[in-house]
Number of protein chains: 2
Amino acid sequence: MRQPRDLNATSAATLGLLHRLRSATAGELARAAESDISPFWGITRSQIFRELPLLAGRGLVGAGDTGPRGSVPYHLTDAGREAFATWLVGVPQVQQPREELLLRIGFGEHFGPDELEVLLGGHREAHEARLAQLEAERVAMLEAGETYRLVTCEYGIRYEKMVLAWIEDLPKLLTS
Amino acid sequence: MRQPRDLNATSAATLGLLHRLRSATAGELARAAESDISPFWGITRSQIFRELPLLAGRGLVGAGDTGPRGSVPYHLTDAGREAFATWLVGVPQVQQPREELLLRIGFGEHFGPDELEVLLGGHREAHEARLAQLEAERVAMLEAGETYRLVTCEYGIRYEKMVLAWIEDLPKLLTS
DNA sequence: TGGTACATGTAACATGTTACATGATTAG
DNA sequence: CTAATCATGTAACATGTTACATGTACCA
């Protein structure tokens, strides 16, 4: 069995969620991932199902007794808690940006102005929707006193506003 | 041989770069990817080496005569040009955000204030460096009259400024 | 009681990353 | 001439995505 020294973000997120829930099955973790971290990190159910046995093999989580439908509850071990804490303050990975819209616009030489408009219109809608959702979440976080989740919300809001402003300014920028 | 109907962004980027270069080997494409699109879309050399024969199998690119060191020059076919144009204005994919810093801060319950400072400090430096680089690029794009690349640059600059401001405001946001 | 919806879990596949083998070029 | 460097290409692996098989609960 391979034993990589460091956690990747996906493994770490799994441990972090498990930390929060104390004990959880793969399905419960998947739901927690969706509600808690999906705005800034995506994990699929399948990944979690695959992760848990691997983490167990590395001694970072332990499996409890099989429950209904063969579902297995997992919990953090001391080693898992330690690995998570180490990851949390570790050297930040350089993120490779990945913006399909920008990729397309970088090839903008190949489309006419009306095509650009259509493309931008679709994105504007999507970003407006996300902005609205994040602002609603921010209110909820404020009320719940969840300061750390609040600032991640704030980040999302600022990001969406930045994108919307950029989309707004694009025609002007292109002709200047 | 599998024949997916639509291109993914990575295949499309390969075609787009090939479009620009008219004819290129895998290595040349990799260098173009690095210089032209790396700020908003990462592709590795290995991916390009893998992509090209697949694209050729789908009839989107054609291979020329083997050159020095067994390198093969590829060029777009008419079908490839068409596939690229279709992708360019196609339905935008919903992007899954992927921000490791936010993931960590979302688990901020687990670290002390000084650990947060260290984490933020590292990121601030990285973002300042990127900002400086992008601003230099913007000047170059302006001089070259590359309007589309200019606006992608502008996006990057606004993004970096947004992140830096957010990092700056974080302590205040956390205590409010 | 039939059937619709949902949840668990698996497997196949697509994409991204890393490490290496090989041959050419170049600097000393 | 030799060693270091660099470029091409390959292969193994890690991660992410999609589709499916199965079983359970709910509800008309």
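Each chain gets a letter, A, B and so on, in the order its sequence line appears, and its residues count up from 1. Owing to the predicted nature of the structure, the values given are computational and were not obtained by experimental measurement.
Taking only side-chain nitrogens and oxygens, Asn8(A) never comes nearer than 4.0 Å to OP1 or OP2 of dA14(D). Remark: Thr10(A) is in phosphate contact with dG16(D), judged by side-chain N or O atoms under 4.0 Å from OP1 or OP2. For dG16(C), the OP1/OP2 oxygens have a side-chain nitrogen or oxygen of Arg98(A) closer than 4.0 Å.
We find that CD1 of Ile48(B) is positioned 16 Å from P of dT18(C), with the value rounded to whole Å. Between Arg45(B) atom CZ and dG9(D) atom C1' there is a gap of 7 Å when expressed in whole angstrom units. Counting to the nearest Å, the P atom of dA7(D) and the CG atom of Leu29(B) are 15 Å from each other. For the pair Glu100(A) CD and dT15(C) P, the computed distance is 12 Å after rounding to whole Å. When the C1' atom of dC6(C) is taken as reference, atom CZ of Arg31(A) falls 10 Å away, rounded to whole Å. Atom-to-atom, CD of Glu34(B) to P of dT17(C) comes out at 13 Å; the value is rounded to the nearest Å. The interatomic distance linking Leu103(B) (CG) with dT15(D) (P) rounds to 14 Å, in whole Å. When the P atom of dT15(C) is taken as reference, atom CD of Gln96(A) falls 17 Å away, rounded to whole Å.
Rounding to the nearest 0.5 Å places CD of Glu137(A) at 8.5 Å from CD1 of Ile157(A). Atom CZ of residue Arg31(B) and atom CD1 of residue Ile48(B) lie 10.0 Å apart, to the nearest 0.5 angstrom.
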Intermediate values then yes/no, side chain to side chain contact (heavy atoms under 4.5 Å, CB included), Tyr148(A) and Leu174(B): CA-CA 7 Å; Tyr148(A) 284 105; Leu174(B) 278 175; 3.8 Å; yes
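Side chain Arg50(A) to base dG9(C): no donor-acceptor pair is found below 3.5 Å. Remark: the Ser46(B) side chain and the dT10(D) base include a donor-acceptor N/O pair separated by less than 3.5 Å.
At a threshold of 4.0 angstrom between heavy atoms, the contacts of Thr44(A) include nucleobase atoms, whether or not backbone atoms are also involved.
Distances were taken from every side-chain heavy atom of Gln47(B) (C-beta onward) to each of dT10(C), dT8(D), dT17(C); the shortest belongs to dT17(C).
Residue Ala26(B) is the one, among Glu51(A) and Ala26(B), whose nearest nucleotide of DNA chain D lies closer to the 5' end (criterion: closest heavy atom).
Side-chain atoms of Arg149(A) do not come within 3.5 Å of backbone N or O of Asp36(A) as any donor-acceptor pair.
In this structure, His110(A) and Phe107(A) have tilted ring planes: the angle between them lies in the 30° to 60° band.
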